[in-house]
There are 2 protein chains.
Amino acid sequence: MRRRASPRFWKSARRASAEIMPRRPAPPAATPLDAGLRAFTGYHLRRAMAVVQAEVNETLAPLGLRMVPFSVLVVIADNPGLRSSQLAEALGMERSNLTPVVEGLVRDGLIARAAADDDRRAHALAATPRGAALAARARAAVAEQDMRLTEQMSPEARAQLVALLDAIETRRAGAG
Amino acid sequence: MRRRASPRFWKSARRASAEIMPRRPAPPAATPLDAGLRAFTGYHLRRAMAVVQAEVNETLAPLGLRMVPFSVLVVIADNPGLRSSQLAEALGMERSNLTPVVEGLVRDGLIARAAADDDRRAHALAATPRGAALAARARAAVAEQDMRLTEQMSPEARAQLVALLDAIETRRAGAG
DNA sequence: TATTGTTATACTCTATAACTATA
DNA sequence: TATAGTTATAGAGTATAACAATA
């Protein structure tokens, strides 16, 4: 497991000890080593993502799930009869990468692949009762974890965070 | 779920009837299939991260860099004499995963590994002139890319986005 | 004993091409 | 010809354990 900044790390920042009492406890270092990267939004995004991914995976581990299989299971549970290509499109994944994920969920008895009645190439995906139950539990666990993650911010701030993240995501489509 | 600032390509897609979707050039059409996941901050974070990572890698490709090597190079260029363990700590990476990255940069003549004078176990990392020049170019390219990524939002919104991302990241220390 | 950097290993996720069976 | 799902493969990124040299 990854730990936050150890005392050893700050040993090198000798200027901090020479500094007077900081007014705010927020920024721990005067000039962090990664100061040059903190100018980029993507860097903060990346660091936040690492924390979220670690916590979500930790939350899902007892349920035998990880982030991607969880997403796949939830979308299938919410959309019975869904096809793999639609699923891939919805999650922004390649179909080829989806195959082993779906297969794992089938093997675990969480979803079922049935032949689509109108197109014999396609498979209709649906959650089994056990899969639906696990999806519900996992959803609740991740929701609670997500709430802890953002409990420090106001509802408005959290809503704006989501809106800004979506703005970043959808910008590419408009840009090309 | 709430519909936010409407992306351009959604407007054209909305004209189509519900089931039969004409094939548009719009790449990742965000269908409501993933509505159950949009409740989670981490999901939006993940999607935004995918876009940013793809764009940054695309930006860095002509320079022969990727996201992680770029980060490593920039931090080394900003902190001559840095040691691997400090670098790993600053970037939140494992030392073992840093080794091949550093080695690649050394092989490309972008950084140099010198023996540390006070600790013969450690290596002092520094950018070569060529590495420093590439770091400067890459930094500028990523900065421009980052600006394009967030040009649609006000400076205040962008600052708040970074602040909220940092809040998510640093929250973990108090959570345990 | 502890730490630095390394090696080895394994797993997750991603990206691309090619194949099959249908359409 | 084109599409749905699969297979194969390669690469990036991440995590852990263990090792030799040094502290």
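A note on names: the letters A, B, ... follow the listed sequences, proteins ahead of strands, and every chain is numbered from 1.
Nucleotide D/dC19 holds its P atom 15 Å from the CZ atom of B/R95, rounded to whole Å. One interatomic measurement links the two molecules: CD of A/E58 to C1' of D/dA15, which rounds to 14 Å at whole-angstrom precision. Atom CD of A/E94 and atom P of D/dG5 are 14 Å apart (whole Å). Between A/R83 atom CZ and C/dT22 atom P there is a gap of 15 Å when expressed in whole angstrom units. Across the protein-nucleic acid pair, B/L98 atom CG and C/dG5 atom P stand 9 Å apart, rounded to whole Å. Taking atom CE of residue A/M67 and atom P of nucleotide D/dT14, one finds them 14 Å apart after rounding to whole Å. Counting to the nearest Å, the P atom of C/dG5 and the CG atom of B/L87 are 10 Å from each other. In this structure, A/M49 atom CE and D/dT14 atom C1' are separated by 13 Å, rounded to whole Å.
Note: the hydrophobic cluster containing B/V142 does not contain B/V162 (ILVMFWY, side chain heavy atoms under 4.5 Å, direct or indirect links).
The two atoms that bring A/Q152 and B/A167 nearest to each other are NE2-O, 2.9 Å, heavy atoms only. The minimum heavy-atom distance linking A/L60 with A/A138 is given by the pair CD2-CB, 3.9 Å.
A/D108 meets the side-chain contact (heavy atoms from CB on, under 4.5 Å) test with A/L110; sequence neighbours excluded. Partners of B/Q53 according to the side-chain contact (heavy atoms from CB on, under 4.5 Å) rule, which considers only residues two or more places apart in sequence or in another chain, are B/M49, B/N57, B/M67. Residues passing the side-chain contact (heavy atoms from CB on, under 4.5 Å) test with A/Q160, sequence neighbours excluded: A/L164, B/A157, B/Q160. For A/D118, the side-chain hydrogen bond (donor to acceptor under 3.5 Å, both in side chains) criterion is met by A/R83, not counting sequence neighbours. Taking the side-chain contact (heavy atoms from CB on, under 4.5 Å) definition, one finds that B/A88 meets it with B/R95, B/L98, sequence neighbours left out. Annotation: side-chain hydrogen bond (donor to acceptor under 3.5 Å, both in side chains) contacts of A/R46 (sequence neighbours excluded): none.
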Evaluation steps, side chain to side chain contact (heavy atoms under 4.5 Å, CB included), between B/D146 and B/R158:
CA-CA 11 Å; B/D146 197 88; B/R158 186 192 173 283; 3.4 Å; yes

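Residues from residues 70-82 of chain A lying near DNA chain C, meaning a heavy-atom separation below 4.0 Å, are absent. Of the residues in residues 100-117 of chain B, those placing a heavy atom less than 4.0 Å from an atom of DNA chain C are B/R113, in numerical order. If you check residues 118-126 of chain B against DNA chain D, the residues with a heavy atom closer than 4.0 Å are B/D119, B/R120, B/R121, listed by number.
Evaluation of the side-chain hydrogen bond (donor to acceptor under 3.5 Å, both in side chains) test over residues 123-135 of chain A, restricted to residues two or more places apart or in two chains, returns none. Screening residues 73-82 of chain B for side-chain hydrogen bond (donor to acceptor under 3.5 Å, both in side chains), with sequence neighbours left out, gives B/D78-B/R139.
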Using a cut-off of under 3.5 Å, enumerate the N/O to N/O pairs linking the protein to nucleotides 8-12 of chain C.
{"residue": "C/dT12", "atom": "O3'", "partner": "A/R66", "partner atom": "NE", "Å": "3.2"}

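Of the possible donor and acceptor atoms, none in the side chain of A/D34 sits under 3.5 Å from a partner among the backbone N and O of B/L91. In terms of modelled atom types and a separation under 3.5 Å, the side chain of A/D166 and the main chain of B/H44 share no donor-acceptor contact.
Nearest nucleotide to the A/T99 side chain, out of D/dT6, C/dT7, D/dA4: D/dT6.
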